[in-house]
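Note sheet for the following structure.
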Amino acid sequence: MRVDVLTIFPGIFESPLRESLLGRAVRSGILDVRVHDIRDFATDRHRQVDDEPYGGGPGMVMKPEPIFAAVESLGAGERRLIVLSPSGRRLDQALVRELASERWLVLICGRYEGIDERVVEGLPAEELSIGDYVLSGGELPALVVLEAVARLVPGVIGKEESHERDSFGEGGLLDHPHYTRPSEFRGLRVPEVLLSGNHAEVERWRREAAIEKTRRNRPDLLE
Ligand code: 9D3
């Protein structure tokens, strides 16, 4: 899968794309991620990427011309253009699955108060939010999209791992609690049933514990 990222802070992407899962996917060539500095596409003397909002108000707005020029520099092909925006459709695992089936994504990161609306109207692009809280720009959201999508691209992670996480939201339950050695830590015991070797009992306990955790942390998932 090819992913082009447009940003005025390309440095933010360096470590995340070098480390761990994303780093491996990029090095192996399964993910072809290209980060572009939008400022390189500004044509004025000061390489300006933002300007004051028409109609007034606080903050600055990202200008459309450098973003259009950056997108047009990418070449032709079937691609999905996405603007990361707090006003976008909220990301969930169903959308992640949809995006993972694409050959080519373009992720456009905004800063300041936002991006000139003609980017969304004119390219056109779809707007995507990662949740209802305020960040300072689209760079961390773009990395969230990249990691969530990369996990579902064939070859990025092992079969058992991917199979396991695949069902998020479908079973409608959160994961059950996990334990590893030691069986007692600072007086806290691992539930005996998990040490019993009784697989049916373990499965029953995990389901009950998952329901309890969901009731406590995400009652909305139980309806
Ligand atoms: C005063 C209105 N604010 C909108 C809620 C302005 C505003 C806040 C944050 C404008 C831009 C931003 C920067 N955030 C993003 O670019 C962003 C974001 C986010 O803040 N939360 C969740 N998902 C995303 S995707 C991009």
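Order of listing sets the numbers, starting from 1, for every ligand and every atom in it.
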- request: Could you state whether Y133 and L95 fall into the same hydrophobic cluster, counting links through intermediate Ile, Leu, Val, Met, Phe, Trp or Tyr residues with side-chain heavy atoms under 4.5 angstrom apart?
  value: yes
field: Protein heavy-atom partner closest to atom 21 (N) of ligand 1 - residue, atom, separation in Å
entry: Y133 O, 2.8 Å
message: Among all the protein's non-hydrogen atoms, which is closest to atom 23 (N) of ligand 1, and how far away is it?
response: I130 N, 3.1 Å
Greater than 12 external heavy atoms within 6.0 Å of E78's CD: no
R189, CZ atom: more than 12 neighbouring heavy atoms under 6.0 Å: yes
Close-contact set for ligand 1 against L84 heavy atoms, below 4.0 Å: 25 (S), 26 (C)
field: Close approach, L128 and ligand 1, non-hydrogen under 4.0 angstrom
entry: yes
task: Using a strict 4.0 Å threshold on nitrogen-to-oxygen distance, state whether D4 and R2 make a salt bridge.
output: yes
Side-chain heavy atoms of V145 within contact of L84, under 4.5 Å: yes
- prompt: Do V49 and Y112 come close enough that some side-chain heavy atom pair is under 4.5 Å?
  reply: yes
- prompt: In the protein, what heavy atom is nearest to atom 22 (C) of ligand 1, and what distance, to one decimal place, separates them?
  reply: G131 O, 3.2 Å
- prompt: Taking side chain as C-beta onward, heavy atoms only, is R151 less than 4.5 Å from L21?
  reply: yes
message: On a heavy-atom basis, I'd like to know which of V134, V144, V61 is closest to atom 8 (C) of ligand 1.
response: V134
message: Need the ligand 1 atom indices (1-based, order shown) with element for anything under 4.0 Å from a heavy-atom of P141.
response: 24 (C), 25 (S), 26 (C)
Side chains of Q93 and L152 in contact at under 4.5 Å (non-hydrogen atoms): yes
query: So, for atom 3 (N) of ligand 1, does the protein have a heavy atom nearer than 4.0 Å?
result: no
- prompt: Based purely on interatomic distance, does L135 place a nitrogen or oxygen under 3.5 Å from a nitrogen or oxygen of ligand 1?
  reply: yes
message: Does this structure show an ion pair linking R80 with E126, if we count only N-O contacts that are shorter than 4.0 Å?
response: yes
query: For ligand 1, which atoms sit closer than 4.0 Å to a heavy atom of S136?
result: 13 (C)
message: How far is atom 11 (C) of ligand 1 from the closest protein heavy atom, and which atom is that?
response: Y112 O, 3.6 Å
field: atom 1 (C) of ligand 1: nearest protein contact (heavy atom, Å)
entry: E113 OE1, 4.1 Å
- request: Among all protein heavy atoms, pick out the one at the shortest distance from atom 17 (C) of ligand 1; state its residue, atom name and that distance to 0.1 Å.
  value: P86 CD, 3.4 Å
message: Tell me whether ligand 1 is touched by S85 - counting only heavy atoms on the residue side and a distance under 4.0 Å.
response: yes
